[in-house]
Number of protein chains: 2
Amino acid sequence: MSTAQGARARARQEVTAAIKEAARGQLAAEGAAKLSLRAVARELGMVSSALYRYFPSRDDLLTALIIDAYDSLGEAAERARDAAADAAPEARWVAVCEAVRGWALDRPHEYALIYGSPVPGYSAPQTTVPPAARVGMVLIGIVRDAHQGPGLTALPLPAGLRPEAARLAADLAPDLPAEAAVALVAAWAQLFGLVGFELFGQFNRVVEDRETFFRHAAGRLAEGVGLGRG
Amino acid sequence: MSTAQGARARARQEVTAAIKEAARGQLAAEGAAKLSLRAVARELGMVSSALYRYFPSRDDLLTALIIDAYDSLGEAAERARDAAADAAPEARWVAVCEAVRGWALDRPHEYALIYGSPVPGYSAPQTTVPPAARVGMVLIGIVRDAHQGPGLTALPLPAGLRPEAARLAADLAPDLPAEAAVALVAAWAQLFGLVGFELFGQFNRVVEDRETFFRHAAGRLAEGVGLGRG
DNA sequence: ACCGAAAAGAGAGCACCGCTCTTGCTTTGG
DNA sequence: CCAAAGCAAGAGCGGTGCTCTCTTTTCGGT
C-alpha cells in the first residue's frame, strides 16, 4: 500500500500531485505551449531547479498530464456507459459520445493536449497507449453487447477492404463481424472530428444549437456501426 | 498590378515570401510551437529585429502561414473536384476527400497548424475565415450538383433539429434540403476527424492499410450526405 | 544510536526566446 | 533636391528550459 511507506515517499507524491495540479491550472489559463516550469515553481513557492527532482523535463510533465487526461476522459466515458447500462445500445452509444463532448467542453485545453496537434518534436511514449485506448474500448464494448444481444444491422464491406477488416477485427474485437470493426474505427475517429471542430471554433457562426446537432450526429454514428433500428 | 510598382515594393514582397518560406521550413522541422523568429532571421542572414518590419509579431507570421495553408488546401480540394468533374457525385466526393488527406499527409505540420490545437492565447483573426471555408464550399458544391442532377437519397431529420437545420441551410446552401445541410456539416467535421487521427498517430498499430480504409470511410461519408446509390 | 548514502532544495549561470528602442543608411516622391 | 519614409542593425529587457554545484534533510543498515 502506498500509505504504508515512509513520510518521504508520501511527501514526494504530494508534491508531484501539487505540481501537476498547478500545471493543469496554467494549462487551462494559457494553453500547453505556454506552460512554464518556472511559473509552476513560482506558484508552488519553490525554485525552478527543484522541479527537476520530480519531472526530468517539461516534456515529461506534459506526458504526465496527457496520461491523466486520457484516464480522466476514459473514466467519464465509462461512467456514462454504466449510467446508461439499462438503455438500448444506441442510446448508450449516444450517452458515451455526449460524455466525451461534455468532458472536452469542460477542459478544452486538456482535450487539445491529447487530441490536438502533437507537441513539437515530442512523440508520445508507450505509457500513453493504454489510457488512450479506454474510450475506444468503451465504444467497442457497446457494439459487442449489441452484437450478442439485439444484433447488429448489416454493413457494407468492399472486397478490397476485407484483409484490413480481418486484421482490425482480430486485433480489436475477435467476436465482432469484420465490417463492424471497420465501422467502429471510422466512427471513433469521426466522433473526435465532431468534438474537435466544435471545440476549436470551426463551428463558430455555422452551428448554433450544438447540443442538438451533436446528439443527432452521434445517433447517426451509432447507425453507422450497426446499432439501432435493428 | 503588383509587378508595376517600384523596386522597393518588389523587394518587400520577395523578402516577405522568403520569410514565410523559411518559416514553413522550420515548421516542418520543429513544429509550430518551436517556430522561432530569431532562427528564421538567422537562416535569412538578417538580424531578428529586422523581421519586425515584415511581421509585427510572431503570431502575425503564424497567421500568414495559416492563411496560406488554408488556401493551399482549398486549392487542392478544388483541383480534385475539377479533375473529377465528369465522374458521379459520389466519386467526386471521394476524390475531394482523398485530396484533403493527401495534402495533409504531405504537409503534416501545416495541417496541424490549421486543424490542430489553436496556438496559445492566439485567436484567429477574421481574415482566416474565407480561406478556411474553401474546402467546405467544395463539398457543398458537390452535393448541390447532385441535388440538381441525379438527386439525393432521403435523410432523417428529427423534429428537434428542424430549426437548426433550417438556419444551417439558409446560411450555407439555400437550395439544398435542410437535412442535407445538417448531414454536410457533420460529414465535413467527420472527414477531418479521419484525417487528423491518421496524421496524429491515433491509427498507429490500429489501421494498417490506411489508403483503402480511408477511401471506404469517405465513401460512407458520401452516402451519409445523400450521395450515391441514389 | 549512529553514520554514510540517498534524496531534496537553493542558487548561479548558460543559451535561447519574443520584443522594443535607438541609431544610422537608403530609397522614394513631392 | 531634400525631407520623409522604409529598412537594417545593435543593444538590451525580461522571460524560458535546463545544468551544475552546494547545502540540508531524511532514511536504512549495522
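Chain naming here is simple, since letters A, B, ... match the order of the sequence lines and numbering starts at 1 in each.
Residue B:S48 is the one, among B:S48 and B:R53, whose nearest nucleotide of DNA chain C lies closer to the 5' end (criterion: closest heavy atom).
Aromatic ring centres of A:F203 and A:F213: separated by under 6.0 Å.
With rounding to whole Å, B:Q13 atom CD is found 16 Å from D:dC7 atom C1'. Here the C1' atom of nucleotide D:dT16 and the NZ atom of A:K34 are 13 Å apart, to the nearest Å. One can place OH of B:Y54 at 7 Å from C1' of D:dC7, the figure rounded to the nearest angstrom. For the pair B:L51 CG and D:dA8 C1', the computed distance is 11 Å after rounding to whole Å.
Extent of DNA chain C lying under 4.0 Å from chain A heavy atoms, first and last nucleotide in 5' to 3' order, is C:dA7 to C:dG13.
Looking at B:T63, its side chain does come within 3.5 Å of a backbone N or O of B:D59 through a donor-acceptor pair.
Nucleic acid contact class of B:S36 (heavy atoms, under 4.0 Å, all strands): sugar-phosphate only.
To the nearest 0.5 Å, atom CG of residue A:L172 and atom CD1 of residue A:I140 are 4.5 Å apart.
DNA chain D is contacted by B:R38, B:M46, B:V47 of residues 38-47 of chain B, taking any non-hydrogen atom closer than 4.0 Å.
Nearest heavy-atom pair, B:I114 versus B:A69, reported as atom, atom and distance to 0.1 Å: CG2-CB, 3.8 Å. A:A95 approaches A:A84 most closely through the heavy-atom pair CB-CB, 4.2 Å. Closest of all the heavy-atom pairs between A:A77 and A:V138 is O-CG1, 4.1 Å. The shortest heavy-atom contact between B:T128 and B:Y70 is O-CD1, 4.1 Å.
Under 4.0 Å is where a charged nitrogen must lie from a carboxylate oxygen, and between B:E98 and B:R101 no such pair does. A salt bridge links A:D145 to A:R92: at least one charged side-chain nitrogen sits closer than 4.0 Å to a carboxylate oxygen. In this structure, B:E164 pairs ionically with B:R167, as a charged nitrogen and a carboxylate oxygen lie closer than 4.0 Å.
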Using nucleotides 26-28 of chain D, report all nitrogen or oxygen pairs with the protein that are shorter than 3.5 Å.
unit_1 : atom_1 : unit_2 : atom_2 : d
D:dT26 : O2     : A:R8   : NH1    : 3.2
D:dC27 : OP1    : A:R8   : N      : 3.1

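Between A:W188 and A:F192, the ring-plane angle classifies as perpendicular under the 30° and 60° cut-offs.
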